[in-house]
Protein chains: 2
Amino acid sequence: MHQDALQQFGLRIKQLRQAQGISQEELGARAQLDRTYISGIERGKRNVSFKNIVLIADALQISVAELFNVPEFS
Amino acid sequence: MHQDALQQFGLRIKQLRQAQGISQEELGARAQLDRTYISGIERGKRNVSFKNIVLIADALQISVAELFNVPEFS
DNA sequence: GTGTGACTAGAAGTCCGTG
DNA sequence: GCACGGACTTCTAGTCACA
C-alpha cells in the first residue's frame with residue numbers, strides 16, 4: 001500500500017468480478033451503483049466511500065476483510 | 001458486516017487508537033486529518049473515503065488488510 | 001481531550017450518450 | 001461489454017465555534 005492504492009483497489013474489484021464471469025453492468029446492478037461508476041472504480045479513477053466498498057463487497061459476495069486480504073493491502 | 005458498518009469501522013479505529021495510547025488529536029496529526037473529523041469517524045458519523053481509510057491505516061501503522069481483519073468485517 | 005451542528009468547496013455518484 | 005465524456009445532483013471533505 002504505497003501510492004495509487006485506488007488503482008490496486010480497482011484491479012482487485014475487476015479480478016473478483018471477472019472471476020465470477022459477470023459484467024460491470026451486472027455488478028452495478030447488484031450493488032445498486034451505476035455501471036459507469038463501476039468502470040471508473042476499476043480504472044482507479046474513483047475515490048470510493050466506505051459504504052460503497054461494503055456494497056461492492058456484498059455484490060461480489062465476499063466480506064470486506066476478504067476484499068482486502070491480498071498482498072497489495074498487507 | 002450487517003447494519004451500520006460505519007459504526008463498526010469507527011469502533012475499530014477507536015480501539016486501535018486507544019491501544020496505542022494516543023489521542024484523536026495525535027491520530028489526526030499523523031493522518032493529516034482534522035481532530036473533529038477523526039471524532040466523527042469514530043462515532044460512525046462519517047462515510048470515509050478509501051483514500052482517508054488508507055491515511056488512517058498508515059497513521060495507525062497497520063495495513064488496510066489488518067484494519068479489516070476482524071470478525072465484524074468477515 | 002472529545003462531541004456536535006453547521007457550513008462551503010469540491011468530489012462522489014447518476015444519467016445521458018459515443019466509439 | 002467496456003472506456004470515456006458532459007452535464008447534472010447529492011454527498012463527503014475539511015474546518016469552525018461552542019459545549
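Side chains included, hydrogens not; waters and symmetry mates left out as well; all remaining heavy atoms used. Chain letters run A, B, ... following the sequence lines, proteins first, then strands; residues in each count from 1.
- A/Glu42 pairs in a side chain to side chain donor-acceptor pair (under 3.5 Å) with only one of the listed residues (A/Gln7, A/Gln24, A/Lys14), which is A/Gln24.
- Taking both residues in full, the closest heavy atoms of A/Arg30 and A/Ile22 are given as NH2-CG2, 3.4 Å, listed atom of the first, atom of the second, then distance.
- Remark: the B/Arg43 side chain and the B/Ser39 side chain contain an N/O donor-acceptor pair separated by less than 3.5 Å.
- Rounded to a whole Å, the CD1 atom of A/Ile22 is 11 Å from the P atom of D/dG1.
- Rounded to whole Å, atom P of C/dT4 lies 11 Å from atom CD of B/Gln24.
- The same ILVMFWY cluster, assembled from side-chain heavy atoms under 4.5 Å apart, contains both A/Val70 and A/Leu67.
- OP1 or OP2 of D/dA3 sits under 4.0 Å from a side-chain N or O of A/Ser39.
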Protein-to-nucleotide contact annotation, 5' to 3' order, nucleotides 12-19 of chain D [B base; S sugar-phosphate only; - none; under 4.0 Å, heavy atom]:
SBBBBBB-
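- Residues B/Phe68 and A/Ala65 share a closest heavy-atom pair of O-CB, 3.2 Å.
- Counting only N and O atoms by type, the side chains of A/Glu66 and A/Ser63 include a donor and acceptor under 3.5 Å apart.
- Spacing of C1' atoms, C/dG1 relative to D/dC18, comes out at 15 Å, to the nearest Å.
- Proximity of residues 9-16 of chain B to DNA chain D (heavy atom under 4.0 angstrom from any strand atom) is not detected for any residue.
- Look at NZ on B/Lys45: it is 11 Å from P on C/dG3, rounded to the nearest Å.
- Taking both residues in full, the closest heavy atoms of B/Arg17 and B/Leu27 are given as CD-CD2, 3.9 Å, listed atom of the first, atom of the second, then distance.
- In this structure, A/Ile41 places its CD1 atom 12 Å from P of D/dA3, rounding to the nearest Å.
- Counting heavy atoms of neighbouring residues, nucleotides and ligands inside a 6.0 Å radius, atom CD of B/Glu25 does not exceed 12 of them.
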